[in-house]
Amino acid sequence: MGNHVKHVLFHLFSFVLVTGVQVVQGSPHHNHHHHRHHKLGFSKLFVFGDSYADTGNNRKSEASSWHQPYGITFPGKPVGRYSDGRVLTDYLASFVGIKSPVPYRWRNVATKRLRYGVNFAYGGTGVFDTLVPDPNMTTQIDFFQQLIHDGVYNKSNLNSSIALVSLAGNDYTTYMAKNGTAEGLSAFTISIINQLAINLKRIQGQGVKKVAVTAIEPIGCLPQSAASSSYQQCNETNNMAAMFHNLLLQQAVEKLNNETKGSTFMVLDLFNAFMSMFNRQKDHPGIMKFGNLLKPCCVGTSAEYSCGDIDENGVKKYTVCENPESTFFWDDVHPSQEGWHAVYSALQISLDQLYI
Ligand SMILES: *[C@@H]1O[C@H](CO)[C@@H](O)[C@H](O)[C@H]1NC(C)=O
Ligand SMILES: *[C@@H]1O[C@H](CO)[C@@H](O)[C@H](O)[C@H]1NC(C)=O
Ligand SMILES: *[C@@H]1O[C@H](CO)[C@@H](O)[C@H](O)[C@H]1NC(C)=O
Ligand SMILES: *[C@@H]1O[C@H](CO)[C@@H](O)[C@H](O)[C@H]1NC(C)=O
Ligand SMILES: *[C@@H]1O[C@H](CO)[C@@H](O)[C@H](O)[C@H]1NC(C)=O
Ligand SMILES: *[C@@H]1O[C@H](CO)[C@@H](O)[C@H](O)[C@H]1NC(C)=O
């Protein structure tokens with residue numbers, strides 16, 4: 001992986017400016033699965049990781065998720081989600097039949113919503129420290145442990161809880177930014193998976209019943225990577241790196257399940273969920289509501305700008321497509337709400353395993 005990956009992943013970073021406290025519920029409008037499983041008993045969702053799962057923790061200045069046009073589809077204004085609307089967290093909460101968990105930074109002002117769990121995910125972070133100062137996954141789990149220590153949660157109510165762990169690639173971005181070599185990449189992947197396994201076990205050790213961790217998405221198909229081919233093809237080199245990561249992850253999760261003699265841990269296979277969209281489009285052009293799946297809705301007007309950027313005069317340096325619902329990607333790296341909904345649909349069979 002060369003310089004390209006740095007650019008591919010760079011936009012997973014996030015810098016946000018928070019001007020006030022806003023609590024957005026995030027119940028998906030696609031509610032045919034809503035409350036479907038509530039009676040089966042998960043009452044809380046705890047979320048760890050990065051921008052694929054963050055629903056508003058980020059607060060550093062310049063973070064795109066708090067800028068126009070993020071949030072235009074839902075809830076109609078930027079609220080700290082890296083999408084035009086809902087993200088993976090919201091859909092998983094819907095699947096379980098609960099409200100989207102409150103972002104950690106609002107835990108003291110939205111105390112009633114603590115009953116649905118907490119979202120500790122911060123855009124831009126990884127298992128290791130990244131180029132953003134926000135809490136890494138270890139620190140996010142420390143926050144969780146502190147809430148248990150403070151008596152907000154106890155063993156009996158964690159017994160009906162589930163965790164979502166999202167890792168989309170910021171550790172790799174950081175590796176490239178620090179001039180990591182292609183030769184050292186596999187050793188770095190091993191260190192990521194080892195740390196991730198420690199994190200997953202720690203989450204389960206708090207008493208959480210099920211822990212779902214995302215496989216890394218096909219990073220070579222992210223618009224930032226596909227842009228060099230005018231969004232015509234994915235970068236296979238980058239996708240191979242993702243597949244290697246996912247292979248090790250699958251093995252680590254099997255090992256954790258062996259050790260805990262159960263099916264506590266599961267992989268949410270974002271790689272194949274994304275790829276199934278792209279392949280269906282290729283095999284049956286025109287069958288889907290999406291146009292070119294690799295082309296995002298919101299793009300910078302030139303290479304140095306990204307979705308949400310404005311210049312010093314406040315002039316927009318991005319364009320937004322007319323109909324975000326017809327695009328899979330919202331920006332250079334993040335799916336649109338409709339994209340996440342399609343991914344969520346593709347994940348149904350694995351999600352059903354949460355109830356085994
Ligand atoms: C794919 O990515 C690799 C590594 O980042 C880069 O060296 C290569 O030029 C890219 N290939 C294409 C076709 O863009
Ligand atoms: C996570 O962040 C904490 C606090 O900055 C740091 O002490 C720790 O080494 C980091 N953990 C990892 C695994 O990088
Ligand atoms: C756990 O907390 C719940 C309220 O969140 C409370 O009803 C329950 O009694 C507590 N259980 C124990 C064992 O402390
Ligand atoms: C957790 O729930 C299971 C049933 O799902 C029950 O057998 C077990 O006793 C519960 N454990 C605690 C600590 O409440
Ligand atoms: C990485 O390499 C670039 C150019 O070769 C250099 O400017 C930069 O300082 C290096 N960064 C690190 C962290 O070594
Ligand atoms: C898990 O256990 C099974 C059966 O005991 C074994 O075949 C498998 O290799 C183990 N997997 C890992 C990753 O340890």
Side-chain angles (χ1 to χ4, degrees), residues 3 5-23 46-67 70-71 78-83 87-89 101-110 118-147 163-180 188 191-192 194-196 198-200 202-203 213-214 216 219 222 224 300 304-310 331-334:
N3 207 33
V5 172
K6 190 181 341 184
H7 294 295
V8 166
L9 296 175
F10 188 78
H11 291 279
L12 292 170
F13 294 162
S14 43
F15 301 89
V16 256
L17 174 66
V18 168
T19 50
V21 172
Q22 289 167 297
V23 178
F46 295 98
V47 183
F48 305 87
D50 53 28
S51 58
Y52 275 16
D54 190 353
T55 51
N57 278 315
N58 254 315
R59 61 174 136 183
K60 298 292 180 293
S61 59
E62 293 178 33
S64 55
S65 67
W66 284 97
H67 289 173
Y70 285 77
V79 291
R81 283 177 173 80
Y82 289 83
S83 173
V87 297
L88 182 59
T89 299
V102 67
Y104 178 68
R105 60 187 313 256
W106 298 330
R107 67 196 178 281
N108 294 326
V109 295
V118 177
N119 186 349
F120 300 95
Y122 286 79
T125 65
V127 294
F128 299 122
D129 289 336
T130 56
L131 304 178
V132 299
D134 299 284
N136 62 33
M137 200 182 287
T138 302
T139 305
Q140 294 174 21
I141 301 168
D142 291 343
F143 292 161
F144 180 42
Q145 226 168 355
Q146 186 63 42
L147 291 184
L164 167 66
V165 177
S166 167
L167 199 69
N170 293 308
D171 291 298
Y172 289 108
T173 321
T174 306
Y175 177 82
M176 303 315 294
K178 290 184 174 166
N179 296 338
F188 185 63
S191 71
I192 289 175
N194 287 344
Q195 182 61 46
L196 184 56
I198 291 168
N199 296 349
L200 296 176
R202 241 186 106 201
I203 293 167
V213 56
T214 59
I216 207 164
I219 51 178
L222 296 178
Q224 188 74 26
E304 67 265 37
Y305 294 112
S306 306
C307 179
D309 284 350
I310 53 172
D331 65 13
D332 283 340
V333 288
H334 303 104

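Across P78 and S65, no two heavy atoms sit closer than the pair CB-O, 3.7 Å. The shortest non-hydrogen separation linking S64 to Y70 is O-CD1, 3.0 Å. Shown here for V87 and A53, the closest heavy-atom pair between the two residues is CG2-O, 4.2 Å. When all heavy atoms of T138 and V127 are compared, the closest pair comes out as OG1-O, 4.3 Å. Between R105 and G56 the shortest heavy-atom distance is CD-O, 3.3 Å.
When the side-chain hydrogen bond (donor to acceptor under 3.5 Å, both in side chains) test is applied to T139, the partners found at least two apart in sequence or on another chain are N136. Residues that satisfy the salt bridge (charged side-chain N to carboxylate O under 4.0 Å, His left out) test with R107, not counting sequence neighbours, are absent from this structure. Scanning for side-chain hydrogen bond (donor to acceptor under 3.5 Å, both in side chains) contacts around T89 gives an empty result, with sequence neighbours left out. With sequence neighbours excluded, no residue forms a side-chain hydrogen bond (donor to acceptor under 3.5 Å, both in side chains) with N194. In this structure D129 satisfies the salt bridge (charged side-chain N to carboxylate O under 4.0 Å, His left out) test with no other residue, sequence neighbours excluded. Residues forming a ring-ring contact (aromatic ring centres under 6.0 Å, His included) with Y175 (at least two apart in sequence, or on another chain): F188. Scored by the side-chain hydrogen bond (donor to acceptor under 3.5 Å, both in side chains) test, T55 finds N119 as partners (sequence neighbours excluded). Residues satisfying the ring-ring contact (aromatic ring centres under 6.0 Å, His included) test with F143, not counting sequence neighbours, are Y104. Looking at residues two or more places apart in sequence or on another chain, you find a ring-ring contact (aromatic ring centres under 6.0 Å, His included) between F144 and F46, F48, F120. In this structure E304 satisfies the side chain to side chain contact (heavy atoms under 4.5 Å, CB included) test together with S302, sequence neighbours excluded.
Distance alone, capped at 3.5 Å, places no donor-acceptor pair between the D331 side chain and the C307 backbone. Under the 3.5 Å distance criterion, the side-chain polar atoms of T125 are left unmatched by any main-chain donor or acceptor of A121. Between the side chain of N57 and the backbone N or O of D54, no donor-acceptor pair lies under 3.5 Å. Not one N or O on the side chain of T130 forms a donor-acceptor pair closer than 3.5 Å with the backbone of D171.
Going from atom OH of Y52 over to atom CD1 of I216 covers 9.0 Å, rounded to the nearest 0.5 Å. Atom CG of N58 and atom OG of S51 lie 8.5 Å apart (nearest 0.5 Å). Note that CG of D134 is 11.5 Å distant from CG of D50, once rounded to the nearest 0.5 Å.
Counting heavy atoms from C-beta outward, Y172 and I219 have side chains that stay 4.5 Å or more apart. Residues Q140 and P135 form a side-chain contact, since some pair of their non-hydrogen atoms from C-beta on lies under 4.5 Å apart. Between D142 and R202 there is a side-chain heavy-atom pair separated by less than 4.5 Å.
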Exercise for the section: Could you give me the CA-CA distance, side-chain angles and deciding distance for I310 and H67, then say whether side-chain contact (heavy atoms from CB on, under 4.5 Å) is met? Expected result: CA-CA 10 Å; I310 53 172; H67 289 173; over 6 Å; no
Exercise for the section: Any chance you could lay out the side-chain hydrogen bond (donor to acceptor under 3.5 Å, both in side chains) test for Q195 and N199, step after step, and finish with the verdict? Expected result: CA-CA 6 Å; Q195 182 61 46; N199 296 349; 3.0 Å; yes
Handout entry: Intermediate values then yes/no, side-chain contact (heavy atoms from CB on, under 4.5 Å), T214 and L88
Key = CA-CA 10 Å; T214 59; L88 182 59; 3.9 Å; yes
